[in-house]
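Reading through the structure tokens given below for one structure.
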Amino acid sequence: MTYSGHPDSLDARSRSVLRTLIAQYIADGQPVGSRTLAKSSGLDVSPATIRNIMSDLEEAGLVAAPHTSAGRVPTAQGYRMFVDSLLEMRPLGEPQVEQLRRELPTGAATPALLGSASALLSEITRFVGVVSVPRHDEFPFRHIDFVALDANRVLVILVFTDGQVQNRVIETQQPHSPSELEQTANFLNSNYAGMRLDEIRKRLLREMREEGAHLNRLLASAVEVAQQAFQSPIDNDMLVTGQTNLMGVNELSEVDRLRDLFDAFQRKRDLLQLLERCSRAEGVRLFIGEESGFAALGGYSLVTAPYGVGNRVLGVLGVIGPTRMAYERVIPVVATTAQLISGALNRSTTPP
């Protein structure tokens, strides 16, 4: 048997053996031997024939033989073929979808909703739940208030359509009286509520240019205060839940490997960049082992799906676990959770 890298290059018997071997290994975590495969593959062939097929699969890079066992275990390449062409993927049933829907808080602000999603993914899969958190300015603002702290310092209270509230202290070039700040807030709330912060900044600058020398004091105050009040907040963050779940997985018990991944959870930057890559693709993404290009994930699999409002992707959620995971169960859970989060965010950001 030769393997060209395409699933169709495997004959039906080899595909059946590979499918059975991986399913058996995912189920019990032990290297799978030829006698076990001969009994469970459904093929009317001898253990000797199975051994020959396994040898061919090993030569093709789809399985490997641990030093301490005569059985075989899947490689990352073998898992990839299994997921892409040998695994029958089914959507979650309605009872399971309804259970997920009940577990997510209704009417909650975005941080609480995403925190629940991360915890829920971890609880259901028993692995690590990850969710990238969008910046505040991804959501339209609903209301703004200004409170003068002293001559040139102003407290800005921003309420966003998804229920988030953010407080910022800004310093203005010139003093503003409480009445000026109130007029400015009323002006912004009347003319710009329901717009994202980047849209407001652009529109204010455009209107300021159009007014030119006739710029009135109210618009001038609005521009000065809003330029600072509507500055983009800090970069995206990431919620991680259930890291300790990985400590109980046999093949991930090596201390050094776990330490590298836990360090990556602490730094977040590299993982956030990987999730950002996932957000630019449609649907579920799966990285098996070294496919992610991220060294800390070399012995793990990452399943992600994007969530958002309308046609705009706001972030990505997913699960990190061992390569030996029940993909047919984890992938639909991730996909459905992303759909439910998107639905909740669409409802919360739709004006009444």
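Basis for what follows: all heavy atoms, side chains included, without hydrogens, waters or symmetry-related copies. Residue numbers start at 1 and run along the sequence shown.
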Look at atom [atom1] of [X] and say whether more than 12 heavy atoms of other residues, nucleotides or ligands are closer to it than 6.0 Å.
{"X": "Arg19", "atom1": "CZ", "result": "yes"}
{"X": "Glu94", "atom1": "CD", "result": "yes"}
{"X": "Gln273", "atom1": "CD", "result": "yes"}
{"X": "Arg35", "atom1": "CZ", "result": "no"}

Is there side-chain contact between [X] and [Y], with at least one heavy-atom pair below 4.5 Å?
{"X": "Leu297", "Y": "Leu274", "value": "yes"}
{"X": "Leu62", "Y": "Leu10", "value": "yes"}
{"X": "Phe127", "Y": "Ile320", "value": "no"}
{"X": "Val156", "Y": "Ile144", "value": "yes"}
{"X": "Val128", "Y": "Leu246", "value": "yes"}
{"X": "Met81", "Y": "Gln77", "value": "no"}
{"X": "Val32", "Y": "Val73", "value": "no"}
{"X": "Arg277", "Y": "Phe287", "value": "yes"}

Check: Mind checking whether Tyr79 and Tyr25 have parallel, tilted or perpendicular rings, split at 30° and 60°?
Finding: tilted
Next item on the list: State whether a side-chain donor-acceptor pair under 3.5 Å links Tyr307 with Thr337.
Entry: no
Notebook entry, point to check: Ser14 and Asp11: side-chain donor and acceptor closer than 3.5 Å?
Noted result: yes
Check: Taking NZ, NE, NH1 and NH2 as the nitrogens, is one of them in Glu328 or Arg90 under 4.0 Å from a carboxylate oxygen of the other?
Finding: no
Next item on the list: Identify whether the distance between the nearest side-chain nitrogen and carboxylate oxygen of Arg280 and Glu276 falls below 4.0 Å.
Entry: yes
Next item on the list: Please lay out, stage by stage, how Ser122 and Asn245 fare under the test side chain to side chain contact (heavy atoms under 4.5 Å, CB included).
Entry: CA-CA 8 Å; Ser122 175; Asn245 286 340; 3.1 Å; yes
Checklist line | Donor-acceptor contact below 3.5 Å, side chain Asp270 vs main chain Phe294 | finding: no
